[in-house]
Q: 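Can you read through this structure? Questions will come right after.
Note that the structure is predicted; figures quoted are calculated from it, not measured. Residue numbering restarts at 1 for every chain, and letters A, B, ... go by the order of the sequence lines. All heavy atoms count here, side chains included; hydrogens, waters and symmetry mates do not.
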Number of protein chains: 2
Amino acid sequence: MGQGLPVTSYALLGLLTFGDELTGYELKQRADNTLRFYWTSPAMSQVYSELARLAEQELVAPVSEDANRRATRYRITQKGRQELHTWMRETPAGFPVLKHPVALRLLIGHVAEPADVARLLRDYLDELELQRKDLAEVRESLRGGDAPGEAFRYPSLVADWGLAYYDSEATIAREILDRVEDG
Amino acid sequence: MGQGLPVTSYALLGLLTFGDELTGYELKQRADNTLRFYWTSPAMSQVYSELARLAEQELVAPVSEDANRRATRYRITQKGRQELHTWMRETPAGFPVLKHPVALRLLIGHVAEPADVARLLRDYLDELELQRKDLAEVRESLRGGDAPGEAFRYPSLVADWGLAYYDSEATIAREILDRVEDG
DNA sequence: ACAGCCATGTAACTCGTTACATGATTAC
DNA sequence: GTAATCATGTAACGAGTTACATGGCTGT
C-alpha cells in the first residue's frame with residue numbers, strides 16, 4: 001500500500017495526530033512551530049500537494065467542507081494512524097543530516113580575512129540567540145500539557161532537546177571564536 | 001559572471017584550496033572526510049557534474065592530463081580563489097538546517113509504544129558513538145598541521161566543533177532517554 | 001583469473017523551492 | 001475602502017539521488 005513516502009509526508013501526517021483537524025494553512029503554521037526546528041517546514045505549496053497525496057492514499061480525509069466555509073480541513077484516518085505506527089516501529093530513523101554553513105565556511109577560513117571569520121561566528125551567535133528565543137516561546141506554550149501521559153509530553157521533550165542544542169552550539173561557537181581571535 | 005552557484009559548489013571548490021590537485025574520485029574522498037560531517041558529501045555523479053560546471057566557469061582547471069594517465073586532475077584557478085573570497089566576504093552564511101529524524105520521531109512519540117521510543121534513542125546513541133569515532137580519526141590525522149597559521153588550522157577547529165557537538169548530543173539524548181523511561 | 005579499487009560519466013527521477021495567480025474574509 | 005490575513009493551488013525549475021554503463025589498473 002502506501003509504502004515509501006518521503007519522511008516529510010510522515011512528518012505532516014504526524015502533526016495531525018494531536019487530536020484536531022487542520023486546514024493546509026494551519027498545518028503550515030504548526031509545522032513552523034515544530035518541524036522548523038528539527039526538520040524543515042515545507043513551503044505552503046508543498047503542504048497542499050502533500051495533503052493531496054496523503055488524501056489519495058486515504059491516510060488523511062477532508063472533513064465535511066462545512067457548507068459555506070471555503071477552507072478544507074483534514075483529519076488523519078485510522079489507516080493513517082496505522083501507517084504512522086508501522087513506520088515508527090519498522091523503519092530505522094537514520095542519522096541526522098546537518099547543513100551547517102557556518103562550519104562549512106570555517107573549514108575554509110584560510111581563504112578569508114581573520115576579521116571575516118570572526119564576524120561569521122559573531123553573526124551566528126546573534127542568530128542563535130534569536131532562534132533560541134523563538135523556540136523558548138514555543139516551549140512555554142506547551143506548559144500545562146507536558147506531564148507524563150499528557151498530550152504535549154513528547155513535543156515538550158523535543159523542545160527541551162532543541163533548547164539544549166542551541167545552548168551547546170552557543171558555548172562551542174564562543175570557544176571557537178576565542179581560538180580564532182587568539183591565533 | 002559565476003554568480004549564484006549552489007553552496008555545495010563552493011564547498012567543493014573550497015576543498016581544492018589546500019594546495020593540491022585532485023581527481024573527481026579523490027575530491028569525493030576528501031568530501032567524505034570533511035563535508036560529510038557538517039554539510040553533505042555529494043554523490044560521485046554530482047562531484048563530476050559540479051567539476052564540469054566549475055570548469056566551464058573557469059573556477060577550476062583540468063591540469064595537463066598527464067599523457068598516459070587516464071585520470072583528470074583539477075586545480076583551483078586564480079579566478080576561483082577570488083570567487084570564493086568574495087563569496088565568503090559578501091554573502092551571509094545563513095542558519096544551519098538540521099534534518100533530525102530522531103527528534104522528529106520523538107515529537108510524535110505518542111503514536112508508538114514507549115519501548116519503541118526508548119529503542120529509537122538507544123540506537124541513536126550507538127550511532128552517535130560510531131560517527132564520533134570516525135570524526136575523531138579524521139581529527140587525529142590533522143595533528144601536526146593545526147597550529148595557528150598552519151594549513152589544517154581551520155579544518156581542525158571544525159573537527160573540534162563536530163566532536164563537541166556529538167558529545168553534547170549524546171548527553172542530551174541520554175537525558176531525554178531517562179525522562180522517557182521515567183514517564 | 002579474479003577481486004577490488006580507481007575513474008568517469010549518462011539518464012531518469014524525486015523532493016522541494018520560488019514565482020505566479022486567484023480570491024474570500026476580517027480589522028481598521 | 002484598503003490592508004492584512006486566510007486559503008488554495010499551478011508551473012517552472014534546480015539540487016541532488018539512485019541506477020546503470022563502461023573500462024583500466026593493481027594485487028594475489
Q: How many whole angstroms separate atom CE of B/M44 from atom C1' of D/dA19?
A: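 The answer, rounded to whole Å, is 15 Å.
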Q: Nearest whole angstrom, please: distance from the C1' of C/dT17 to the CD of A/E50.
A: 13 Å
Q: Among A/Q29, A/K28, A/R36, which residue meets the side chain to side chain donor-acceptor pair (under 3.5 Å) test with A/D32?
A: A/K28
Q: Return the value, rounded to whole Å, for the distance between atom CG of B/L51 and atom P of C/dT8.
A: 9 Å
Q: Crowded around A/F18 CZ? As in, over 12 foreign heavy atoms under 6.0 Å?
A: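 Yes.
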Q: Think A/T8 has a side-chain N or O under 4.0 angstrom from the OP1 or OP2 of C/dC15?
A: no
Q: Rounded to whole angstrom units, what separation is found between the CG atom of B/L27 and the P atom of C/dT8?
A: 10 Å
Q: Mind calculating the distance between CD (B/E21) and P (C/dA7) to the nearest angstrom?
A: 14 Å
Q: When you measure from the side-chain N and O atoms of A/R53 to the phosphate of C/dC15, is any distance below 4.0 Å, counting only OP1 and OP2?
A: yes
Q: Would you indicate which nucleotide in C/dT17, D/dG16, D/dG9 comes nearest to any side-chain atom of A/Q46?
A: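 Looking only at side-chain atoms, A/Q46 lies closest to C/dT17.
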Q: Could B/R119 and B/D126 be called an ion pair, given the rule that one side-chain N must be under 4.0 Å from one carboxylate O?
A: no
Q: Just checking B/S9: base, sugar-phosphate only, or nothing, at a heavy-atom cut-off of under 4.0 Å?
A: nothing
Q: Answer yes if the side chains of A/W161 and B/E169 hold a donor-acceptor pair under 3.5 Å, and no otherwise.
A: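 Per modelled atom types, A/W161 and B/E169 side chains form a pair under 3.5 Å.
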Q: Have a look at A/T40 and say if it touches a base, only the backbone sugar-phosphate, or nothing, with a 4.0 Å heavy-atom cut-off.
A: nothing
Q: Figure out the CZ/P separation between A/R36 and C/dT17, and round it to whole Å.
A: 14 Å
Q: Distance check needed: C/dA7 P versus B/E26 CD, whole Å only.
A: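 About 5 Å, once rounded to whole Å.
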Q: Could you tell me whether the phosphate oxygens of C/dC6, OP1 or OP2, come under 4.0 Å of any side-chain nitrogen or oxygen in B/Y25?
A: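 The answer is yes; a side-chain N or O of B/Y25 sits under 4.0 Å from OP1 or OP2.
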Q: Has B/Y48 got a side-chain N or O lying under 4.0 Å from the OP1 or OP2 atom of C/dT8?
A: yes
Q: Using atom OH of A/Y74 as one end and atom C1' of D/dT8 as the other, report the distance to the nearest whole Å.
A: 9 Å
Q: Out of C/dT17, D/dA15, D/dT17, which has the shortest distance to the side chain of B/P6?
A: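 When the side chain of B/P6 is considered, D/dA15 is the closest of C/dT17, D/dA15, D/dT17.
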Q: Hey, what's the ring geometry for A/F95 with B/Y124, parallel, tilted or perpendicular (30° and 60° as the breaks)?
A: tilted
Q: Using a cut-off of less than 4.0 Å, is there contact between a side-chain N or O of B/Q29 and OP1 or OP2 of C/dC5?
A: no
Q: Verify the contact: side-chain N or O of B/K99 to OP1 or OP2 of C/dG16, cut-off strictly under 4.0 Å; return yes or no.
A: yes
Q: Go through the N and O atoms of the side chain of B/S45 and the base of D/dT18, and report whether any donor-acceptor pair is under 3.5 Å.
A: yes
